[in-house]
Number of protein chains: 4
Amino acid sequence: MTPEEAVTTRASRRSPRPRADAARNRDRIVAAARDVFVEHGTEAPLDEIAKRAGIGNATLYRHFADRRSLLRAVVLLIMCRVADHAERAAAETVDSLTALRRFVHDAVDERVGAVCGLLIDGGGQDSAEVAVQCRRVEATCETLMDRARHAGQIRADIGLRDLVISMSQLARPLPGIEYRDADAHRHLDLLLDGLRVPAPAACGAPGGAEERSVTYTEHAA
Amino acid sequence: MTPEEAVTTRASRRSPRPRADAARNRDRIVAAARDVFVEHGTEAPLDEIAKRAGIGNATLYRHFADRRSLLRAVVLLIMCRVADHAERAAAETVDSLTALRRFVHDAVDERVGAVCGLLIDGGGQDSAEVAVQCRRVEATCETLMDRARHAGQIRADIGLRDLVISMSQLARPLPGIEYRDADAHRHLDLLLDGLRVPAPAACGAPGGAEERSVTYTEHAA
Amino acid sequence: MTPEEAVTTRASRRSPRPRADAARNRDRIVAAARDVFVEHGTEAPLDEIAKRAGIGNATLYRHFADRRSLLRAVVLLIMCRVADHAERAAAETVDSLTALRRFVHDAVDERVGAVCGLLIDGGGQDSAEVAVQCRRVEATCETLMDRARHAGQIRADIGLRDLVISMSQLARPLPGIEYRDADAHRHLDLLLDGLRVPAPAACGAPGGAEERSVTYTEHAA
Amino acid sequence: MTPEEAVTTRASRRSPRPRADAARNRDRIVAAARDVFVEHGTEAPLDEIAKRAGIGNATLYRHFADRRSLLRAVVLLIMCRVADHAERAAAETVDSLTALRRFVHDAVDERVGAVCGLLIDGGGQDSAEVAVQCRRVEATCETLMDRARHAGQIRADIGLRDLVISMSQLARPLPGIEYRDADAHRHLDLLLDGLRVPAPAACGAPGGAEERSVTYTEHAA
DNA sequence: AATGAATGAGGGTTCATTCAT
DNA sequence: AATGAATGAACCCTCATTCAT
């Protein structure tokens, strides 16, 4: 599903035609914004984005009234793709855990880290379209996790939120450090390994989750 | 080791005495900066920090020439404490994996996520003092990881960098979302579980690291 | 006289025909501009005017090269009508003072306050057409005032400029306050009463013009 | 009463001391703003005001958070002085009509036209301090007008609002035309003459208020 | 001819940093 | 030493005007 389709079916709109060059500009802006947000964070100057997109600053404002609006478009773009990946993974991959794995890595490739936090707890708090995509992701992931849980592949105490937050955090660009996809992929693999059962602790290694959970509780206090 | 000791032994300096109230102000500023950086990111207005510290803005500049300088001091504070925790964990905890676990949770409690990125790749690239602390952390962690590796507790393909980056990322505050220590602790536990051997794959669950590594290679291309 | 006639006789122009719809657009723009200038001042965004006229912004620029040009057209429109009113009042109303009264109220209804200042001192300093209309107004008013003066109806120390400026000012919209024609009409009546002779002072009331003129001189110093 | 006193008695405030140079700057800014507003309208660039005051633009923002805030200060300054003039005129001038006359001319000299509209209908809608000064003006004028009415000096159908609006409008700078105090004073004199009774019409001149009121009603329709 | 889109210049406001008390 | 105040540079956003369909 493309973001355009996500917003509304074109036919139902009044706008006579979204002039080809304008549409191309819009896409360029969103793509540039995504990259700049990844590199410099969501507080990056919009002028930088405009320059990267090869347009004047005012043109950016013609397409997006303010920073939030642009951010929303980026989130929508990413979330549409991520949701697509989730559904495709669920449809095409028989093993649930493998599907989850495929999903998180695809999400990282979609720069999901650029908009971390925005897809949590409903995501686009102020955008119905984004919320729809978030729900697509949630629904698909929940299904996959349920199946994996029932198959005894992943621990029962892991929820959707854990997956989404961890994924977003690990995929986030590190300020001051050049962004490394490789790290995100690698650490997500480690984390996914941690989700699996039998929990490593059950394999005989000393110092299991219980042990930590004690310490953890202390910290939570 | 306190940050003051970390900087230099006082005796070798000219400054006759660092007036008690000035020293107190300095500490207040660093503490306030740490908290503000955690809450609003490292781009937060310095005036906000000064206000939080209960001092005038110019006083902040008397102590720290510019933003970088203040940031360095915060990093140094955190890294000193984190290094202390690392060494204490190594000294007091017999089991290496348990020591690592203790260390990462203590680091989160020290708000290590606030300065993520600054302690990677040598850390304070422009600060010898910070570099010293980073090396303390690195040395201790490397020792612990070596011991754990040799004891067959953690996988052989995991390096120090993996631990430090993951820890920093998972402990980072999520913009727009209220910071939750609990999430960081929880997800670090999951990640640590993923570091352990026998790898979950070896426990019989389908879809091991090898499988992923294939996909991963594709992504890396 | 319509503004079109005022500009030039069509026959002398090259333009083959001013396509009916184009002419209609032009009129709409000028009317919209007049209203917007009244409501939001002469600094109002031109896009607002275009939208109000129901046309695209570029169409506005096809008709009027820049803001000044549009403003001139509005002034011309208003001044043509105001001049018409002046001449009609002079022709149809026997009593000169009554004719003046009729004139000023008609002028207010033509939104003369919207372009205040532009019709003073020659009016459209940069427009021959406007200047022509200004002269029509001036000539007619001068005649009427002369007649009223000679008939002993109005004071001898009142000039055309007094009338025009006062009228413009009192008819001006008050920023932040919803425009009230009623106030303008009311206060113009009061002012016209002040023009009359025998001066109120002569009617026996204390504190006449002479008295004030003293104070006034002080202020002028 | 100075604006400072109008805001609050200094003693009751926490602010340790309003540093002399800062206070001087504040006064300079308000004075510059008043002049610029008179010359170029209340939409004039704030940078222009800062330059005129001989300070940096940011200093202006330190003293006044936004344009409204600055405007309020100007209004307060003017209204305090105007209210002082009103009370002084009432106290020192025996004849009520003469007092009113003195008042309006003093108000013009205080550049009351710069803030026209802001003193109508309660004045500083968002400022209690301004509202207080407006009420001082209103109360004094109402008293003066009452006395003049009872003494048969002015017409009974004239209200406070008529006086205030007319005064503000006539004293307003004409955009594009250099501001002329003389015109304002002159036209206010004429208007005040119009307020007097016996109404000029009663003096025998043809075309009185009744006649107009007919036309007027037509217009109002 | 009409229009949506593009754009550069300019104004409002914030903030890191410097100055004067 | 501590502070309130001052400042210029940078960013966001608007708008008059031009361009391309």
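We name chains A, B, ... by the order of the sequence lines, and we start the count at 1 in each one. Here the structure is a predicted model, which is why all the values come from computation and not from measurement. The basis for the numbers below is simple: all heavy atoms, side chains too, and nothing from hydrogens, waters or symmetry mates.
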Can you name the nearest heavy-atom pair linking C/Ile55 to C/Leu60, along with the distance?
CD1-N, 3.9 Å
Return the pairing partner of E/dA20 with a 3.5 Å limit on both distances, Watson-Crick or G-U wobble; otherwise return none.
F/dT3
For C/Glu43 and E/dG11, what is the distance between atoms CD and P respectively, to the nearest whole Å?
12 Å
Paired nucleotide for F/dG8 [Watson-Crick or G-U wobble; both distances under 3.5 Å]
E/dC15
Between E/dG4, E/dT17, F/dA16, which nucleotide has the shortest distance from any of its atoms to the side chain of B/Arg67?
E/dT17
Across every strand shown, the nucleotide meeting Watson-Crick or G-U wobble geometry with E/dA9 (both distances under 3.5 Å) is F/dT14
According to a strict under-4.0 Å criterion, is B/Asn25 in side-chain N/O contact with OP1 or OP2 of F/dA2?
yes
Sub-4.5 Å side-chain heavy-atom contact between B/Val74 and B/Ile78:
yes
Do A/Arg26 side-chain atoms and A/Phe64 backbone N/O form a donor-acceptor pair below 3.5 Å?
no
Distance (rounded to the nearest 0.5 Å) between B/Arg34 CZ and B/Ile29 CD1:
14.5 Å
Side chain of B/Tyr61: nearest nucleotide among E/dA16, F/dG4, F/dT18?
E/dA16
Below the 4.0 Å mark, does E/dA1 have OP1 or OP2 next to a side-chain nitrogen or oxygen of C/His63?
no
I want to check one thing: is the phosphate of E/dG4, taken as OP1 and OP2, less than 4.0 Å away from some side-chain N or O of A/Arg62?
no
As a test of reading the structure: which of E/dT3, F/dG8, F/dT7 is closest to the side chain of C/Ile55, going by heavy atoms?
E/dT3
Which nucleotide sits closest to the side chain of C/Asp21: F/dC12, F/dC19, E/dA2?
E/dA2
Taking the side chain of B/Asn57 as its heavy atoms from C-beta onward, which of E/dT13, F/dA6, F/dC13 lies nearest to it?
F/dA6
Between D/Thr59 and F/dA5, does any side-chain N or O lie under 4.0 Å from OP1 or OP2?
no
Run the numbers on D/Asp27 and D/Val30 for side-chain contact (heavy atoms from CB on, under 4.5 Å), then give the verdict.
CA-CA 5 Å; D/Asp27 292 347; D/Val30 176; 5.7 Å; no
Any idea which of F/dT3, E/dG12, F/dC15 is nearest the C/Pro45 side chain?
F/dC15
Answer with base, sugar-phosphate or nothing: what part of the nucleic acid does A/Ala50 contact at a heavy-atom distance below 4.0 Å?
nothing
By the 4.0 Å heavy-atom rule, please label B/Asp66 as base, sugar-phosphate, or nothing.
sugar-phosphate
